[in-house]
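Order of appearance sets the numbers: ligands from 1, and atoms from 1 within every ligand.
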Amino acid sequence: MATPSSSSITSLLLAAFLVAAVGIAPHGAEGGASSAVVGLVTGVVPCSAGSSINVASVPAFPNATVQLRCGGRAVAGATADSSGAFAMNLGALTPATLMPLLNNKCSVVVTTPLAACDASLAGVAGTLMAPVQLLGDTGGGLGGLIGGIVGVVGQILSGVLGNIISIVPSAFSVV
Ligand SMILES: *[C@@H]1O[C@H](CO)[C@@H](O)[C@H](O)[C@H]1NC(C)=O
């Protein structure tokens, strides 16, 4: 298991790496604001109540309103399309926006009641949400942690080329 301190150090290293990556991002046109690395959270909202919902096996939630909340605070929002797909632009990533993502403090929260996609779900208490884990499940110990870091660094590197880091939430659950 990763200790809190090693996880914090990892987060700091990654935040430092991202800042460095932004600095070296290739740009012909005088750099400036255009060299920012942008975070994009994408996913599909399911119309279902339950835990760890497999979005492929249930109807989608068209037009659902979603928010990215980090430490309880809404940091971005979007409305899903008619097939439940959403994309939330986090804007230019900074250490301040990256740290809660790295520390697993962010979730995608659906603010539209489930009854909007299925009237039979009107009685469901709770909120549909999905955790965002940039480093994935680090429960696999150091190996899992390193695997997660490699994945994120790979994303950051490929993200630098396109200037976008794609962030995908885990499965939705009603909590
Ligand atoms: C979703 O929104 C679009 C555009 O506002 C609307 O045309 C469509 O009927 C909505 N779909 C549902 C299922 O509410």
- Taking T111 for the side chain and T65 for the main chain, is one N or O donor matched with an acceptor at less than 3.5 Å? yes
- Task: Output yes when a protein non-hydrogen atom is found under 4.0 Å of atom 2 (O) of ligand 1, and no otherwise.
- Result: yes
- Message: Return the OG to CG distance between S48 and L128, rounded to the nearest 0.5 Å.
- Response: 8.0 Å
- Query: Between the candidates C47, P62, A64, which shows the shortest non-hydrogen contact distance to atom 13 (C) of ligand 1?
  - Reply: P62
- Query: Can you find a protein heavy atom under 4.0 Å from atom 11 (N) of ligand 1?
  - Reply: yes
- Task: Report yes or no: does S170 contribute a side-chain atom to a donor-acceptor pair with the main-chain N or O of P131 at less than 3.5 Å?
- Result: yes
- Query: Does N54 use its side chain to pair, donor to acceptor, with the backbone of A56 at less than 3.5 Å?
  - Reply: yes
- Would you mind finding which of N63, D81, T112, T79 brings a heavy atom closest to atom 8 (C) of ligand 1? N63
